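Here is the structure we will look at, set down as structure tokens.
Note on naming: letters A, B, ... go to the chains in the order of the sequence lines (proteins, then strands), and numbering restarts at 1 for each one. Hydrogens, waters and symmetry mates are skipped; everything else that's a heavy atom, side chains included, is used. In this text, all values refer to a predicted model and were calculated from it rather than measured experimentally.
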There are 2 protein chains.
Amino acid sequence: MVTIKDIAKALNLSPSTVSRALRGSYEINPQTKQLVLDYAAKMHYYPNPIALSLKGSKSKAIGVIVPEIAHSYFSQVINGIEEVAYKRGYHVVIFQSLESYEREVISIENMMARRVDGVLISISSYTIDFAHLQKLRDNQFPVVLFDRITDEIDTFKVVADNFAGAFAATEHLISTGRRRIAHITSLPWLSITQERLEGYKSALAKYDIAFDESLVKYCSFDAGEITMAIKSLLALTDSPDAFLSMADRLTLSCLTNLKEMGINIPTDISLVGFSNLTVAHLLDPPFSTVVQPAFETGQTAAQLLLDWIEKKDKNVDFNTKKLPMKLLIRKSSQL
Amino acid sequence: MVTIKDIAKALNLSPSTVSRALRGSYEINPQTKQLVLDYAAKMHYYPNPIALSLKGSKSKAIGVIVPEIAHSYFSQVINGIEEVAYKRGYHVVIFQSLESYEREVISIENMMARRVDGVLISISSYTIDFAHLQKLRDNQFPVVLFDRITDEIDTFKVVADNFAGAFAATEHLISTGRRRIAHITSLPWLSITQERLEGYKSALAKYDIAFDESLVKYCSFDAGEITMAIKSLLALTDSPDAFLSMADRLTLSCLTNLKEMGINIPTDISLVGFSNLTVAHLLDPPFSTVVQPAFETGQTAAQLLLDWIEKKDKNVDFNTKKLPMKLLIRKSSQL
DNA sequence: TTGTAAGCGTTATCAT
DNA sequence: ATGATAACGCTTACAA
């Protein structure tokens with residue numbers, strides 16, 4: 001590994017001159033500059049980013065925390081983040097919280113110890129205390145929230161238009177004549193859960209359909225829970241004629257369960273689910289999905305974060321970006 | 001951020017004493033040591049990894065290059081890598097080659113500039129020159145290859161037992177009475193392509209079925225190409241009664257195309273595909289898959305790399321780890 | 001047992 | 001236009 005010192009020695013110059021030539025900063029003798037540049041190129045000189053970090057107290061790395069990497073939605077988000085970061089000379093350090101609050105806190109500490117320049121995070125399902133994030137913000141540290149956000153932290157946020165997505169899906173089901181639409185969703189305290197529920201309610205209201213609490217099921221990550229939820233829905237006297245599931249794992253679980261029970265989709269029950277699976281059209285039946293703008297979410301969040309990091313004045317005007325959802329109607333909800 | 005100097009000043013000690021107390025190295029006065037430890041804990045001292053890196057010329061970071069992050073197989077591999085790296089105090093810097101040789105080379109340079117301690121790589125489909133990897137090895141730099149490997153680089157490698165996987169899938173199809181088994185595969189120069197083809201051939205041989213070159217189709221990443229390949233296979237006088245596809249994208253493409261053509265699966269044509277999709281059982285029809293040990297591949301590769309990095313003596317005995325595949329028989333190949 | 005000083009690679013400041 | 005020096009945070013001979 002060639003260093004500035006090596007070059008200086010070889011060219012009989014001082015390290016500072018070489019440094020300046022390399023970054024063209026001060027008015028250097030053009031010849032000296034050319035000499036240095038040529039020699040550096042010949043020797044494959046690369047500045048040592050670690051020394052740079054130590055000097056400038058910025059690491060040119062950003063941290064990302066997602067609940068799980070191997071999940072179509074999040075891997076697509078990471079893809080978007082990586083694309084932007086890569087172009088702007090940052091690298092991406094990934095951690096997964098595995099939906100655990102403790103792991104999320106540890107990951108944050110880890111990242112700070114690693115001196116990342118900023119953090120992108122989609123908060124875990126079991127995070128209800130945000131002190132670890134607030135502490136970062138208190139220290140003026142750049143944090144951008146995406147997907148699963150919270151009101152408790154004042155910062156940039158990037159989300160999908162969950163309200164609109166749920167509204168559109170519900171309206172679509174209503175337009176096919178469905179009136180008893182079950183709403184299978186995630187944990188009640190999550191922002192996405194609440195926004196989606198509002199979209200659902202709002203669509204019902206638009207068509208004068210009474211909201212029925214018993215059609216809403218909140219499911220944790222226990223696989224048995226969703227099976228129970230579905231069974232109890234089907235046992236209702238006025239049982240549902242449609243299922244709207246609000247997360248990938250729920251969507252797949254609904255499909256698996258209903259098929260196992262021998263229920264005909266969409267004749268008996270229509271199905272629409274939030275999902276970023278790329279194979280929805282190949283499922284049996286081809287599955288109607290509300291698709292989240294995963295890649296764009298990653299890009300947008302990364303852009304906001306990097307702009308913020310690189311901004312000189314620390315006066316930032318926070319806002320929340322809402323990206324459009326896409327409703328793809330397929331056979332599982334077509335009557 | 002508290003530094004060793006801060007602690008030294010506060011405690012009226014020298015930085016070196018604090019440093020030694022912190023890592024318990026030299027025989028320090030137990031009381032001094034306790035004092036330092038307590039104060040450090042109270043002040044939330046974390047060693048600055050950047051300073052450590054600059055000093056020790058190791059970054060505690062490993063680089064990973066995959067063709068694409070948002071791909072079920074690779075995201076599962078990354079998951080395995082991350083798990084091991086995280087536990088051992090390393091962080092993972094991810095790059096994607098997007099199947100481009102140029103991007104792969106640039107990613108390697110980028111990683112070296114970042115001073116990662118080692119590299120894990122699954123080579124891109126269009127990499128046929130390995131000089132960029134050989135150069136690393138020439139400098140004694142730790143590189144572990146996984147999934148898509150090459151004979152040209154002598155190092156640790158982790159692969160799935162592609163031969164066995166293809167053999168088992170072919171044998172299964174034969175056992176259901178199929179004799180004209182089409183082999184839809186990736187680019188011919190890839191290690192995985194060759195191994196899988198050998199497994200296929202070998203199974204045919206075992207049952208005295210002549211190998212027919214015209215049943216083998218190599219497909220690039222052009223989506224139209226696979227459609228063409230399928231059409232030409234179906235146009236054969238003695239057209240295939242089974243399709244064996246050797247990569248996720250091919251598998252899905254086969255399914256989409258055959259369904260569009262109105263071909264009945266498995267009655268007309270049986271289908272088995274290499275795939276790490278977690279929803280294969282929900283496809284129409286439920287899809288028989290050869291599943292790669294993605295997570296284990298990531299774990300194993302990371303373990304080998306970190307052991308190597310941390311090894312004192314540089315005499316390493318390279319070997320190639322072969323992990324078992326799993327054949328999951330579902331309706332698409334059951335007669 | 002503890003302190004001093006040099007060095008990892010780079011750049012900013014202050015000479016010259 | 002160029003050079004010397006100090007500093008970023010930490011470790012480690014070497015000295016005391």
Side-chain angles (χ1 to χ4, degrees), chain A residues 1-40 43-61 89 110-117 312, chain B residues 1-41 43-61 89 109-117 312:
Chain A
M1 278 294 151
V2 197
T3 73
I4 283 195
K5 283 185 187 172
D6 298 331
I7 300 179
K9 202 163 293 172
L11 264 35
N12 247 312
L13 290 166
S14 80
S16 18
T17 307
V18 174
S19 171
R20 286 192 284 251
L22 250 17
R23 59 189 46 258
S25 54
Y26 271 66
E27 20 239 321
I28 286 262
N29 181 332
Q31 284 147 49
T32 319
K33 185 169 167 181
Q34 203 47 55
L35 189 72
V36 171
L37 254 25
D38 288 348
Y39 188 76
M43 301 300 287
H44 296 106
Y45 167 80
Y46 285 105
N48 182 331
I50 293 169
L52 250 17
S53 295
L54 186 58
K55 186 104 246 288
S57 61
K58 53 182 84 275
S59 62
K60 284 274 189 173
N110 225 306
M111 288 183 166
M112 298 322 292
R114 291 246 167 230
R115 308 301 199 267
V116 293
D117 295 335
K312 301 291 167 217
Chain B
M1 279 292 151
V2 197
T3 73
I4 282 194
K5 282 186 187 170
D6 299 330
I7 299 179
K9 202 164 292 172
L11 264 36
N12 247 312
L13 290 167
S14 81
S16 29
T17 308
V18 175
S19 169
R20 288 193 280 252
L22 250 19
R23 59 187 46 259
S25 54
Y26 270 66
E27 21 239 320
I28 287 265
N29 182 330
Q31 285 147 46
T32 319
K33 182 170 168 180
Q34 202 50 53
L35 189 71
V36 171
L37 254 24
D38 289 348
Y39 188 77
M43 302 300 287
H44 297 107
Y45 167 80
Y46 286 105
N48 182 330
I50 294 170
L52 250 17
S53 295
L54 186 57
K55 186 102 247 289
S57 62
K58 52 179 86 274
S59 62
K60 285 271 188 178
E109 283 172 1
N110 223 306
M111 288 182 165
M112 299 322 292
R114 289 248 168 227
R115 308 302 200 267
V116 294
D117 295 337
K312 302 290 168 219

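- The residue A:Thr32 sits close only to the backbone: its heavy atoms come under 4.0 Å of sugar-phosphate atoms, none of a base.
- Looking at residues two or more places apart in sequence or on another chain, you find a side-chain hydrogen bond (donor to acceptor under 3.5 Å, both in side chains) between B:Asp117 and B:Ser59.
- In this structure, A:Leu35 and A:Gln31 have side chains that are not in contact, with every pair of non-hydrogen atoms separated by 4.5 Å or more.
- Between the CZ atom of A:Arg115 and the C1' atom of D:dC10 there is a distance of 11 Å, rounded to whole Å.
- Summarising the geometry, the separation between CZ on B:Arg114 and P on C:dG9 is reported as 18 Å, rounded to the nearest angstrom.
- Per the geometry, OH belonging to B:Tyr46 stands 14 Å off P belonging to D:dC10, to the nearest Å.
- Annotation: the span from B:Arg20 atom CZ to B:Thr32 atom OG1 amounts to 11.0 Å, rounded to 0.5 Å.
- When the side-chain hydrogen bond (donor to acceptor under 3.5 Å, both in side chains) test is applied to B:Asp6, the partners found at least two apart in sequence or on another chain are B:Thr3.
- Of all non-hydrogen atoms in B:Ala8 and B:Pro15, the two that sit nearest each other are CB-N, 3.7 Å.
- Considering only side-chain N and O atoms, B:Arg20 lies nowhere under 4.0 angstrom from the phosphate OP1 or OP2 of D:dT12.
- Rounded to whole Å, atom P of D:dT11 lies 15 Å from atom CD1 of A:Ile50.
- Contact annotation: A:Ser14 side-chain N/O to D:dA4 OP1/OP2 distance is not under 4.0 Å.
- When each of B:Pro30 and A:Ser19 is assigned the nucleotide of DNA chain C bearing its nearest heavy atom, the one mapping closer to the 5' terminus is B:Pro30.
- Within a 6.0 Å sphere centred on NZ of A:Lys33, heavy atoms belonging to other residues, nucleotides or ligands number 12 at most.
- Note: CD1 (B:Ile4) to P (C:dT2) measures 15 Å, nearest angstrom.
- Sorted by first then second residue, the side chain to side chain donor-acceptor pair (under 3.5 Å) pairs that include residues 9-18 of chain A, not counting sequence neighbours, are A:Ser14-A:Ser16, A:Ser14-A:Thr17.
- Comparing the local axis fitted to the first five base pairs of the helix from C:dT1-D:dA16 to C:dT16-D:dA1 with the one fitted to its last five gives a bend of 50°, rounded to 10°.
- With sequence neighbours left out, A:Met43 forms a side-chain contact (heavy atoms from CB on, under 4.5 Å) with A:Val2, A:Tyr39.
- Separating the CG atom of B:Leu35 from the P atom of C:dT2 is a distance of 10 Å, rounded to the nearest angstrom.
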Interface polar pairs with nucleotides 5-8 of chain D, N/O, under 3.5 angstrom:
| unit_1 | atom_1 | unit_2 | atom_2 | d |
| --- | --- | --- | --- | --- |
| D:dC8 | OP2 | B:Lys5 | NZ | 3.2 |

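- Protein atom CG of A:Asn12 is 13 Å distant from nucleotide atom C1' of D:dG3, rounded to whole Å.
- Atom NZ in A:Lys58 sits roughly 12 Å away from atom P in C:dA12 (whole-Å rounding).
- Closest approach of A:Ala40 to A:Ile7, counting heavy atoms only: CB-CD1, 4.0 Å.
- In this structure, B:Leu13 reaches the sugar-phosphate backbone alone: every heavy-atom distance under 4.0 Å involves primed, P, OP1 or OP2 atoms, never a base.
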